[in-house]
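In what follows, a single structure is set out as structure tokens and then discussed.
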Amino acid sequence: MTIQADSDKFEQQRQEKREKLEALGLDPYGLRYDDVEAAEAVKERFKDEEERQHARCAGRIVLLRDIGKLIFITLRDRSGTIQVGLSKKMLNEQWTLAKLLDLGDIIGASGQLGRTRTGEITIWVEEDGLAFLSKCLAQPPEKFHGLADIDQRYRQRYVDLWANPEVMGRFIKRSAITTTIRQHLESRGFLEVETPMMQAIAGGAAARPFITHHNSLDLDLYLRISPELFLKRLLVGGLERVFEINRNFRNEGLSRWHNPEFTMLELYQAYGDYHDMMDLTEELISACVAAHCNGPEVKFGDLDIDLSGRWRRAKYADLLWEHAGCDIGDLQAVREKARALELDEAGMDDAVVVNEVFEATVEHHLVNPTFVIDYPAVLCPLTKRSKENPNYAERFELFIARMELANAYTELNDPTQQYENFMIQLRGQEETMATMDHDYITALKYGMPPAGGLGIGIDRLVMVLTGVTSIRDVILFPLLKPVGPENA
RNA sequence: GGGAGUGUAGCUCAGUCGGUAGAGCAACGGCCUUUUAAGCCGUAGGUCCUGGGUUCGAGUCCCAGCACUCUCACCA
């Protein structure tokens with residue numbers, strides 16, 4: 001279902017209006033329109049200053065009230081709305097045009113500012129002050145409820161954005177959040193880089209990749225599941241502090257928390273470790289909260305989340321003890337707990353059972369920001385092991401609102417150890433198309449500085465900071481199945 | 001992939017026990033110079049998601065399919 005079909009009668013009617021405009025010598029798809037001021041900025045500047053002022057705005061007609069020889073329009077641009085008043089007496093010849101306006105048309109309006117009886121700030125369009133910028137041929141959605149059908153909102157985001165102002169606001173905020181992150185990182189000497197999205201070896205994570213094909217090389221390539229191994233090559237090259245904010249692609253199921261393509265911030269800091277990454281994570285997210293949220297308390301569905309202060313840092317093993325009641329070293333007890341949770345533990349490796357129990361018992365308690373630190377080393381093939389206890393890896397995951405939001409390590413820079421870990425990881429992972437990345441090992445042989453590395457899921461961060469519980473509401477065009485012509 | 005739910009006018013939604021398809025907004029025609037989801041009078045608008053089946057008769061009941069939502073599974 002789309003809003004309008006070619007044969008649509010509404011479109012016919014609007015086409016006729018378009019032809020009337022053309023008959024009057026007007027281009028219904030107008031030219032450049034200079035010196036446009038944001039609607040909200042106009043209202044702001046007129047708020048205190050009541051003297052005669054001129055204004056010039058452009059935007060889409062979202063409400064239209066025709067009361068005879070006077071027309072009131074609510075004009076929306078990306079800043080908000082402003083009322084435009086058109087009067088027959090003031091417009092003279094252009095009054096004919098005013099009467100041809102439809103909901104959804106994009107117009108320019110210039111004239112003196114004034115207030116109506118009820119105090120609404122209004123641009124009273126002067127003679128020749130009305131410009132047709134684009135005729136809307138499709139029927140706009142209902143003015144009060146907007147576009148509510150979720151499927152249609154995602155498929156026709158171009159309508160959703162102006163029909164539902166909070167949607168536009170959310171995506172503007174998303175952009176502002178990544179800007180804040182970039183500024184923060186650049187001020188700390190990080191360099192933004194871009195690494196391959198198409199990779200011959202899909203490494204840096206355990207996930208099934210998408211496959212694509214290069215024709216003239218006759219070469220199968222993978223869409224990256226992670227930029228990690230390339231970014232760390234840059235540490236070998238000496239760039240020392242690098243970050244990338246871009247898409248990863250994972251060929252997995254869809255859910256409220258998963259879109260097949262999603263945006264990650266990944267960064268690497270030479271001579272640091274995972275403690276630095278914890279501090280940096282806290283700083284980055286706190287900076288976003290300070291800049292883009294109304295206070296550190298945010299609502300997320302039914303959850304109230306407090307993002308203030310220093311966040312809890314809790315060891316993986318301690319959390320397991322706290323919520324599952326078993327000692328991570330007591331595999332008997334862990335397997336018993338797994339059976340009690342009705343997990344099918346019989347065929348699983350010990351470490352997998354531990355992690356399953358952890359996920360089943362601990363994660364849903366992690367509502368306020370919590371750094372889960374010191375993961376079992378076997379779960380972390382790219383992470384340096386803890387000096388005090390080599391069974392654990394210097395890794396943390398940050399949970400907020402029960403979601404995994406960030407993942408960071410002290411990076412493993414020993415090529416011999418890395419090679420062994422890859423070999424272990426490759427066993428029994430045919431499905432993920434995992435292949436040994438020999439060049440990465442070679443890179444490590446040249447020497448990679450000790451480093452901290454961090455990944456933050458930008459989509460999920462935006463979810464938390466905007467309070468929406470579906471990842472599709474923070475992605476402009478989430479993946480949907482195409483609608484066949486028989487369903488159109 | 002499993003389970004549950006939703007799909008009716010351009011949009012938002014009603015539709016009783018199986019008996020002629022409804023409202024508001026939008027549209028079209030008319031009135032109206034300070035409206036605020038403007039108002040008043042009138043008109044028009046339907047592949048009831050698709051395809052089968054049951055029935056004298058299906059928007060409604062049954063079967064299959066499609067899309068979306070929730071949920072489970074998958075998922076560093």
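Residue numbers start from 1 in every chain, and the chains themselves are labelled A, B, ... in the order their sequence lines are given, proteins ahead of strands.
The interatomic distance linking A:N251 (CG) with B:G1 (P) rounds to 13 Å, in whole Å. The nearest whole Å value for the distance from the CG atom in A:L343 to the C1' atom in B:A73 is 13 Å.
Base pairing analysis places B:G1 opposite B:C72; the two distances defining the Watson-Crick or G-U wobble pair are each below 3.5 Å. Across all strands shown, nothing is found opposite B:C48 as a Watson-Crick or G-U wobble partner with both distances under 3.5 Å. Under the Watson-Crick or G-U wobble criterion, with both distances below 3.5 Å, B:A67 is paired with B:U6. Pair check for B:G19 finds B:C56; Watson-Crick or G-U wobble, both atom distances under 3.5 Å. Judged by Watson-Crick or G-U wobble contacts below 3.5 Å, the nucleotide B:A37 has no partner. Across the strands present, B:G24 finds its partner in B:C11; the criterion is a Watson-Crick or G-U wobble pair with both atom distances under 3.5 angstrom.
No engagement by A:N355 is indicated, since no non-hydrogen atom pair under 4.0 Å with the nucleic acid exists. Here A:Y409 lies in heavy-atom contact (under 4.0 Å) with a base.
Taking the C1' atom of each, B:A38 and B:C25 are spaced 13 Å apart, rounded to whole Å. Between the P atoms of B:C63 and B:G3, the separation comes to 13 Å (whole Å). Nucleotides B:C75 and B:G1 have their C1' atoms positioned 14 Å apart, rounded to a whole Å.
The listed nucleotides are B:U71, B:C13, B:U34; the one nearest the side chain of A:W257 is B:U71. Taking every side-chain heavy atom of A:I150 into account, B:C68 is the closest of B:C68, B:C32, B:G10. Proximity note for A:D151 (side chain, C-beta onward) versus B:A67, B:C11, B:A26: the nearest is B:A67. Ranking B:A76, B:U36, B:U33 by closeness to the A:L382 side chain, first place goes to B:A76. Minimum atom distance to the side chain of A:K9 is reached by B:G10, of the listed B:U35, B:G10, B:C68. With B:C75, B:A76, B:C11 as the choices, the nucleotide that has an atom nearest any side-chain atom of A:E404 turns out to be B:A76. Here the side chain of A:T118 is nearest to one of B:A76, B:U35, B:C28, namely B:U35. Nearest to the side chain of A:T122, among B:U12, B:U35, B:C28, sits B:U35.
Residue A:K481 has no polar side-chain atom (N or O) positioned under 4.0 Å from OP1 or OP2 of B:U69. Side-chain N/O atoms of A:R256 include one lying less than 4.0 angstrom from OP1 or OP2 on B:U71. Using a 4.0 Å cut-off, some side-chain N or O of A:R155 falls inside it from OP1 or OP2 of B:C68. Proximity of A:R65 to the phosphate of B:A38: a side-chain N or O atom is located under 4.0 Å from OP1 or OP2. Between B:C25 and A:K143, no contact under 4.0 Å exists linking OP1 or OP2 to a side-chain N or O.
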Test salt bridge (Lys or Arg N to Asp or Glu O under 4.0 Å) applied to A:K17 and A:D105, step by step: CA-CA 11 Å; A:K17 288 193 184 177; A:D105 288 351; over 6 Å; no

Candidate pair A:T74 and A:R65, rule side chain to side chain contact (heavy atoms under 4.5 Å, CB included), full reasoning: CA-CA 9 Å; A:T74 303; A:R65 301 173 286 279; 3.4 Å; yes

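With respect to the salt-bridge test (charged N to carboxylate O, under 4.0 angstrom), the residues A:K43 and A:E40 qualify. Using a 4.0 Å cut-off between a side-chain N of Lys or Arg and a carboxylate O of Asp or Glu, A:E282 and A:R313 qualify as a salt bridge. Between A:E16 and A:K20 there is no salt bridge, since none of the side-chain N atoms of the basic residue sits less than 4.0 Å from a carboxylate O of the acidic one.
For a distance-only test at 3.5 Å, the side chain of A:H145 fails to qualify as a donor-acceptor partner of the base of B:C11. Put simply, the side chain of A:T116 and the base of B:U36 share a donor and an acceptor less than 3.5 Å apart. Looking at A:Q83, its side chain comes within 3.5 Å of the base of B:U35 through a donor and an acceptor atom.
Using a 30° and 60° split on the angle between ring planes, A:H323 and A:H365 fall in the parallel class, below 30°.
Aromatic rings from A:F72 and A:W124 are positioned such that their centres are separated by under 6.0 Å.
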